[in-house]
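Written out below as structure tokens is the structure these notes cover.
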Amino acid sequence: QVQLVESGGGLVQPGGSLRLSCAASGTIFRVNAMGWYRQTPGKQRELVALITRGYRTNYSDSVKGRFTISRDNTMNTVYLQMNSLKPEDTAVYYCGAGAQTTWSTFRADYWGQGTQVTVSS
């Protein structure tokens, strides 16, 4: 119903920057918000950034002030600009799409394939 394709992951030095992209297609009208998650081995996926159709954004405490989520006006593409990267940011990053628009209730109904981000010297 909704397809998400991610790109932009890679290897970056601590303090560096990386920009992730998520291209959405399908029945996007059903999507009211999109978020970026990350996951490391043995851990559950963590929501780190959320953006709604109303352009409201929210961030986890661990990335607030360093990451910026944005989107185009049709919700076709969502970005995650990651600055001041730390080794602790190393994870597989996923974009997700869902109907809920609040941080506490958002649940991704559709997922991208994930892209590896590695922060290392």
Disulfide (SG to SG under 2.5 Å) contacts in which one or both residues fall within residues 27-75, not counting sequence neighbours: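 Of all non-adjacent pairs touching residues 27-75, none passes disulfide (SG to SG under 2.5 Å).
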Pairs touching residues 79-98 that satisfy ring pair (Phe, Tyr, Trp, His ring centres under 6.0 Å), sequence neighbours left out: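 Those involving residues 79-98 do not exist here.
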Pairs involving residues 22-58, ordered by first then second residue, that meet ring pair (Phe, Tyr, Trp, His ring centres under 6.0 Å) (sequence neighbours left out):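 Of all non-adjacent pairs touching residues 22-58, those that pass ring pair (Phe, Tyr, Trp, His ring centres under 6.0 Å) are Tyr37-Trp111.
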Below 3.5 Å, can you tabulate the donor-acceptor pairs from side chains in residues 3-15 to any protein atom, sequence neighbours excluded?
| from | atom 1 | to | atom 2 | distance (Å) |
| --- | --- | --- | --- | --- |
| Gln3 | OE1 | Ser25 | OG | 3.4 |
| Glu6 | OE1 | Gly114 | N | 2.8 |
| Glu6 | OE1 | Thr115 | N | 3.4 |
| Glu6 | OE2 | Cys95 | N | 2.1 |

Separation of [Y] [atom2] from [X] [atom1] (nearest 0.5 Å):
{"X": "Phe67", "Y": "Asn83", "atom1": "CZ", "atom2": "CG", "value": "8.5 Å"}
{"X": "Leu85", "Y": "Ser120", "atom1": "CG", "atom2": "OG", "value": "12.0 Å"}
{"X": "Arg45", "Y": "Thr40", "atom1": "CZ", "atom2": "OG1", "value": "11.5 Å"}
{"X": "Thr74", "Y": "Ile28", "atom1": "OG1", "atom2": "CD1", "value": "6.5 Å"}
{"X": "Met82", "Y": "Leu20", "atom1": "CE", "atom2": "CG", "value": "3.5 Å"}

Linked, directly or transitively: Val63 and Ile51 (ILVMFWY side chains, under 4.5 Å):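 The answer is yes; both residues are in one hydrophobic cluster.
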Same cluster (ILVMFWY, side-chain, under 4.5 Å), Trp103 and Met34: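 No, because Trp103 and Met34 fall into different hydrophobic clusters, even though each may have its own neighbours under 4.5 Å.
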side-chain contact (heavy atoms from CB on, under 4.5 Å) assessment of Thr52 paired with Asn32: CA-CA 6 Å; Thr52 71; Asn32 293 317; over 6 Å; no
Arg71 side chain vs Arg53 backbone, donor-acceptor pair below 3.5 Å: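 Pair found, side chain donor or acceptor close to backbone of Arg53.
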Main-chain N/O of Gln81 paired with Thr68 side-chain donor or acceptor, under 3.5 Å: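 No: the side chain of Thr68 does not pair with the backbone of Gln81.
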Salt bridge (charged side-chain N to carboxylate O under 4.0 Å, His left out) partners for Arg38, two or more places apart: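 Arg38 satisfies salt bridge (charged side-chain N to carboxylate O under 4.0 Å, His left out) with Glu46, Asp89 once adjacent residues are dropped.
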For Arg30, all residues meeting salt bridge (charged side-chain N to carboxylate O under 4.0 Å, His left out), sequence neighbours excluded: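 With sequence neighbours excluded, Arg30 shows a salt bridge (charged side-chain N to carboxylate O under 4.0 Å, His left out) to no residue whatsoever.
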Check against side-chain contact (heavy atoms from CB on, under 4.5 Å), Leu50 and Ile69: CA-CA 7 Å; Leu50 184 71; Ile69 188 170; 5.5 Å; no
Ser70 vs Arg19, side-chain contact (heavy atoms from CB on, under 4.5 Å): CA-CA, chis, key distance, verdict: CA-CA 11 Å; Ser70 61; Arg19 184 176 176 86; 4.2 Å; yes
